[in-house]
2 protein chains.
Amino acid sequence: MMSDVRIWLDRLSSLHKSQMRKAACAAGMQLVHLEILQYLSMCNRYSNTAQALGEYLGQTKGSLSQSLAFMEEAGYIERKPDPVDRRYARLFLTKEGKALLKRIDSGKILAPDFPEDDAAVEMIQRLLSDWQSHNGLKSFGQCKSCRFNKTVDGGRSQCMLTGEALSKSDVRKICREHEFSSTASAPLS
Amino acid sequence: MMSDVRIWLDRLSSLHKSQMRKAACAAGMQLVHLEILQYLSMCNRYSNTAQALGEYLGQTKGSLSQSLAFMEEAGYIERKPDPVDRRYARLFLTKEGKALLKRIDSGKILAPDFPEDDAAVEMIQRLLSDWQSHNGLKSFGQCKSCRFNKTVDGGRSQCMLTGEALSKSDVRKICREHEFSSTASAPLS
DNA sequence: TCAATATAGTTTAGATACGATACTATAAAA
DNA sequence: TTTTATAGTATCGTATCTAAACTATATTGA
């Protein structure tokens with residue numbers, strides 16, 4: 001017998017997918033394109049590559065390569081080779097891409113104003129954490145729950161993986177290298 | 001700024017989609033086909049039509065018509081014209097369809113054993129209810145939260161919309177006609 | 001009673017996502 | 001310096017998805 005949680009997760013997911021698709025369609029684009037815009041608006045500077053995007057969306061890089069080409073063509077994103085490791089193509093939203101995303105978001109097509117309910121966020125994070133670790137997937141979390149994050153004097157943050165200092169907005173972004181700290185959001189048994 | 005809940009719902013949804021796709025692929029079928037099997041295993045006898053399925057999955061009937069034809073061909077479902085209203089084609093899982101679904105579910109490919117966490121279920125239901133009513137979508141809930149459901153003597157259930165008596169297993173299924181009662185799971189403000 | 005309308009589903013065509021495979025280019029390792 | 005690993009591209013076949021036109025059945029209402 002399928003668990004009740006599963007039933008509602010399925011439903012939530014179906015709903016989310018179809019609403020996203022409608023929103024994308026209304027903006028003259030495809031579902032994946034909207035998902036890409038969303039991801040790029042949320043990810044930090046370590047995570048803006050095609051590879052990370054593929055891991056996040058659960059798609060192969062070949063598939064994404066096409067979508068990215070389309071979006072660059074359409075002027076919503078830019079691809080810039082990484083100056084240090086030239087295998088990487090860093091992805092950036094253009095002004096047009098940001099504007100489009102804002103237009104969609106502000107239209108409240110996707111979802112109503114969900115209340116900033118800490119309990120809901122924590123609940124979803126627990127489910128996610130459990131699920132992801134069960135399947136050996138990356139967690140794509142924010143710094144505050146990451147074991148590499150240290151808060152130094154005065155509440156300023158630093159990533160102990162890269163050594164870089166993190167701004168207030170950096171800390172809110174999602175990261176490909178994120179790993180839950182053992183205390184915060186431990187997986188459900 | 002996108003709300004935190006939205007970020008995690010997006011992630012949950014991406015993850016769910018890609019995991020479902022993998023599970024479907026491993027079973028030699030497509031994502032939609034698995035979703036159809038799941039739906040048919042959960043829906044009650046008022047909800048086993050292509051139309052309801054389309055509303056649940058957020059797809060057009062034309063698209064589903066093809067998928068259903070494929071699945072009937074493959075022997076996983078049956079389509080029987082409704083004896084009363086012959087416009088309807090009632091959908092049923094065949095023995096093979098049920099077996100396939102059981103094989104996938106028991107493989108724990110889709111998700112680990114989520115704990116039967118009442119708080120999580122309630123949380124997700126609240127989000128869902130809010131979202132659905134905001135977008136004028138059907139809720140596809142179970143009888144226990146439905147305003148048409150009356151429990152008569154000895155805990156037996158009856159649907160006041162159709163007048164029919166409902167068995168214990170009926171009550172756990174999801175229904176196209178479901179509407180939240182005003183008390184249970186009221187939408188968030 | 002019979003035309004108009006609504007509803008359930010099918011069919012078809014075009015766009016495109018997706019996976020698989022083979023490929024290039026760059027970087028790291030041995 | 002050869003080998004191996006990694007990031008991304010190119011190409012092809014399959015199948016989904018939407019939209020629009022269509023058939024069939026049921027309901028409405030003049």
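First the proteins, then the strands, lettered A, B, ... as listed; each starts at 1.
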- Task: Grab the CE-C1' distance between A:Met20 and C:dA17 for me, whole Å please.
- Result: 15 Å

- For B:Gln59, which contact category applies under a 4.0 Å heavy-atom criterion: base, sugar-phosphate, or nothing? sugar-phosphate

- Task: Search all heavy atoms of B:Ala50 against all heavy atoms of B:Leu91 and return the closest pair with its distance.
- Result: N-CD1, 3.7 Å

- Message: Please determine whether a side-chain nitrogen or oxygen atom of A:His33 lies at a distance below 4.0 Å from atom OP1 or OP2 of C:dT16.
- Response: no

- Side-chain N,O (B:Arg86) to OP1/OP2 (C:dA8) below 4.0 Å: no

- Task: Ignoring backbone atoms, test whether B:Thr60 places a side-chain nitrogen or oxygen under 4.0 Å from the OP1 or OP2 oxygen of D:dT18.
- Result: yes

- Task: Figure out the OH/C1' separation between A:Tyr88 and D:dG8, and round it to whole Å.
- Result: 11 Å

- Item | Between C1' of D:dC17 and CG of B:Leu57, the distance in whole Å | 13 Å

- Message: Rounding to an integer number of Å, can you tell me how far A:Arg87 CZ sits from D:dG8 P?
- Response: 9 Å

- Starting at the 5' end of DNA chain C and moving along, which residue's nearest nucleotide shows up first, B:Cys25 or A:Ser67? A:Ser67

- Item | Centroid-centroid distance, B:His33 to B:Tyr76, less than 6.0 Å | no

- Identify which nucleotide among C:dG9, C:dC18, D:dA7 has an atom closest to any side-chain atom of B:Gln51, counting heavy atoms from C-beta outward. C:dG9

- Item | B:Thr94 side chain to B:Glu96 side chain, donor-acceptor N/O pair below 3.5 angstrom | yes

- Find out whether the Lys NZ or Arg CZ of A:Arg90 is both under 6.0 angstrom from the six-membered ring centre of A:Phe92 and within 45° of the ring's axis. no

- A:Lys61 atom NZ is separated from D:dT9 atom P, nearest whole Å, by 10 Å

- Query: Yes or no on side chain to side chain contact (heavy atoms under 4.5 Å, CB included) for B:His16 and A:Lys17, after CA distance, side-chain angles and deciding distance?
  - Reply: CA-CA 10 Å; B:His16 185 269; A:Lys17 190 173 66 166; over 6 Å; no

- Message: Given C:dG9, D:dA15, C:dA13, identify the nucleotide with an atom nearest to the side chain of B:Gln66.
- Response: C:dA13

- d(CD, B:Glu35; P, D:dC17) in whole Å: 8 Å

- Item | Pairwise 5' ranking along DNA chain D for A:Arg21 and B:Phe70, keeping only the more 5' one | B:Phe70

- Between atom CG in A:Asp85 and atom C1' in D:dT6, what is the gap in whole Å? 8 Å

- Short side-chain N/O contact to D:dA15 OP1/OP2 from B:Gln30, under 4.0 Å: no

- What is the distance, rounded to the nearest whole Å, between atom CZ of B:Arg79 and atom P of C:dA8? 16 Å

